[in-house]
Amino acid sequence: MVFSEKALKDQHLLVTGATGGIGYETAKAAVQAGAVVSVTGRNEEKLAELEREVRLLQASGSLIVIPADLNDATERLRLVEEATQKGGALTGLVNSAGISGGGPLDQLEEEKMRKVMELNYFSTVLLTQLVYERLIPQNKGAIVNISSLSGLRGTHGNTAYSASKFAVIGFTQSFAVEAIEHGIRVNAVCPGFVDTEMGRSAIEKKGKAAGRSYEEQLKIAEEGLPSGRITQPEEVANSVIFLLSEAAENIVGESLKISGGSVMR
């Protein structure tokens, strides 16, 4: 933890996708930085694990667990209302919920494409609407969207996921221009391969397509990075905490790459 226990003091953040590696670590880091953190996800067992782990940290912040399905409009509204009732007015949002999936265009199934776009883009935007309308009267706040390097450049067999993450970047930039009029900062982070279940699955899938083991494909991936290694979820979490903090007061509409040097522009 590189931030003081007061970096996010008096903040109430909603973190989605807290059952995934990045959302999980972001929630922990935010609690350690002093925030009240409402977390959501569909895996209640994983949320309970997060709750136990945060309790052991004995941090200055606190955690509120609210399971919800972000694809459901009623559930989204319940999530925001319950978070507000239990933790007070929201001051920030981290849109970390997301799924991978897809394949080459000639093999892409419509149902799979819609599923990826539904959670990665539509649900993200619709939840943000609900939070945004509550942030406007406060004339301050911060929102961080978890996009991807796949939202900055395309790769083979990645049409659905890449399109959804490009959409998140477009949303981030356009929304940032609107939101800053109300003192609300909106930014995105764009990790490459991260050592999470989703990241390992992507590496394994890539290796399988080439007839390689996970270990062989990981070695190839890491050798292709100037830094020589893939990113840890804690590193992404620290970048998110920075963007949420007052240290990033004049950073607006940016897409922070966490690529180990693989994408520079």
Side-chain angles (χ1 to χ4, degrees), residues 8-18 22-23 26-27 30-31 33-42 47 61-98 117-147 151 164-189 240-246 248-256:
L8 296 179
K9 188 175 181 293
D10 300 324
Q11 303 299 310
H12 178 199
L13 309 174
L14 174 57
V15 178
T16 72
I22 292 174
T26 297
V31 168
V36 174
V37 184
S38 292
V39 295
T40 192
R42 288 179 286 191
L47 288 173
S62 60
L63 193 77
I64 299 168
V65 174
I66 310 171
D69 180 356
L70 297 183
N71 287 333
D72 185 296
T74 302
E75 288 279 280
R76 288 193 297 269
L77 181 58
R78 178 186 63 80
L79 168 64
V80 174
E81 290 180 341
E82 190 172 333
T84 303
Q85 289 166 2
K86 292 181 175 179
L90 287 164
T91 63
L93 169 66
V94 180
N95 284 308
S96 184
M117 289 299 295
E118 183 69 31
L119 181 59
N120 292 5
Y121 180 66
F122 288 109
S123 293
T124 292
V125 174
L126 293 170
L127 177 66
T128 302
Q129 277 186 323
L130 293 174
V131 175
Y132 182 48
E133 66 185 25
R134 288 161 174 78
L135 294 180
I136 289 175
Q138 300 169 195
N139 207 44
K140 64 181 297 187
I143 295 172
V144 179
N145 299 319
I146 308 298
S147 182
S164 73
K165 291 302 186 178
F166 262 88
V168 169
I169 294 299
F171 166 60
T172 297
Q173 293 181 2
S174 294
F175 178 39
V177 176
E178 301 171 11
I180 197 59
E181 295 176 359
H182 302 286
I184 300 162
R185 295 180 295 104
V186 181
N187 292 286
V189 295
V240 173
I241 300 303
F242 165 68
L243 290 172
L244 291 169
S245 75
E246 291 182 355
E249 271 192 334
N250 204 33
I251 299 179
V252 176
E254 292 294 338
S255 301
L256 177 63

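Just so you know, these numbers come straight off a predicted model, no measurement behind them.
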Does Arg185 reach the main-chain N or O of Val252 with its side chain, forming a donor-acceptor pair under 3.5 Å?
no
With a 4.5 Å heavy-atom cut-off, do Ser38 and Val15 have their side chains touching?
no
For atom CZ of Phe122, is the number of surrounding heavy atoms from other residues, nucleotides or ligands below 6.0 Å larger than 12?
no
For a 4.5 angstrom cut-off between non-hydrogen side-chain atoms, does Lys140 reach Ile184?
no
Gap between atom CD of Glu178 and atom CD1 of Ile136 - 0.5 Å precision:
9.5 Å
For a 4.5 angstrom cut-off between non-hydrogen side-chain atoms, does Pro67 reach Thr40?
no
What's the shortest heavy-atom distance between Tyr121 and Val168, and which atoms?
CD1-N, 4.2 Å
Looking at residues at least two apart in the chain, or sitting in another chain, which of them share a side-chain contact (heavy atoms from CB on, under 4.5 Å) with Glu254?
Asn187, Ile251
Inter-residue atom distance Asn71.CG - Glu118.CD, 0.5 Å rounding:
5.0 Å
Polar side-chain atom of Lys165 near backbone of Ile146 as donor-acceptor pair, under 3.5 Å:
yes
Taking every heavy atom of Ala33 against every heavy atom of Ile241, the minimum-distance pair comes out as CB-CG2, 4.4 Å
Closest approach of Ala18 and Leu47, non-hydrogen atoms and distance?
CB-CD2, 4.2 Å
Less than 4.5 Å apart, any side-chain heavy atom of Ile143 and any of Phe175?
yes
Can you check whether His12's main-chain N or O pairs, donor with acceptor, with Thr91's side chain at less than 3.5 Å?
yes
Can you tell me how far apart CD1 (Ile66) and OG1 (Thr16) are? Round to the nearest 0.5 Å.
12.5 Å
Decide if atom CD of Glu246 counts as having more than 12 heavy atoms of other residues, nucleotides or ligands within a radius under 6.0 Å.
no
State whether Glu81 and Arg78 are salt-bridged, where the test is any N-O pair (Lys NZ or Arg NE/NH1/NH2 against Asp/Glu carboxylate O) under 4.0 Å.
no
Under a 3.5 Å distance rule, please check whether Thr172 uses its side chain to pair with a backbone N or O of Ala188 as donor and acceptor.
no
Find out whether Leu14 and Val37 are in side-chain contact, i.e. whether some heavy atom of one side chain is under 4.5 Å from a heavy atom of the other.
no
So, using side-chain hydrogen bond (donor to acceptor under 3.5 Å, both in side chains) as the criterion, who are the partners of Gln138 when residues are at least two apart?
none
Who pairs with Val177 by side-chain contact (heavy atoms from CB on, under 4.5 Å), at least two apart in sequence or on another chain?
none
Calculate, to the nearest 0.5 Å, the distance between atoms OG1 and CG belonging to Thr128 and Asn145 respectively.
5.5 Å
From Thr74 atom OG1 to Leu79 atom CG, the distance as rounded to the nearest 0.5 Å:
12.5 Å
Within this structure, what is the OG-CG distance for the pair Ser123 and Leu70, rounded to the nearest 0.5 Å?
6.0 Å
Does Leu13 reach the side chain of Leu244, with side-chain heavy atoms less than 4.5 Å apart?
yes
Sub-4.5 Å side-chain heavy-atom contact between Val39 and Ile64
no
Which heavy-atom pair separates Ser164 from Asn120 by the least distance, and what is that distance?
OG-ND2, 3.1 Å
Is a side-chain donor or acceptor of Ser96 paired with a backbone partner of Ile22 at a separation under 3.5 angstrom?
no
Any residue meeting side-chain hydrogen bond (donor to acceptor under 3.5 Å, both in side chains) with Asp69, in chain and number order, not counting sequence neighbours:
none
Quiz question: by atom type and distance under 3.5 Å, do the side chains of Thr124 and Asn95 form a donor-acceptor pair?
no
Quick check against the 3.5 Å criterion: does Ser245 have a side-chain atom that pairs as donor or acceptor with the backbone of Phe242?
yes
Which residues pass the side-chain hydrogen bond (donor to acceptor under 3.5 Å, both in side chains) test with Arg42, sequence neighbours left out?
none
Listed partners of Ser255 passing side-chain hydrogen bond (donor to acceptor under 3.5 Å, both in side chains), at least two apart:
none
Close side-chain approach of Leu130 to Arg76, heavy-atom, < 4.5 Å:
yes
Provide the closest heavy-atom pair for Ala97 versus Leu119 in the form atom of the first, atom of the second, distance.
CB-CD1, 4.3 Å
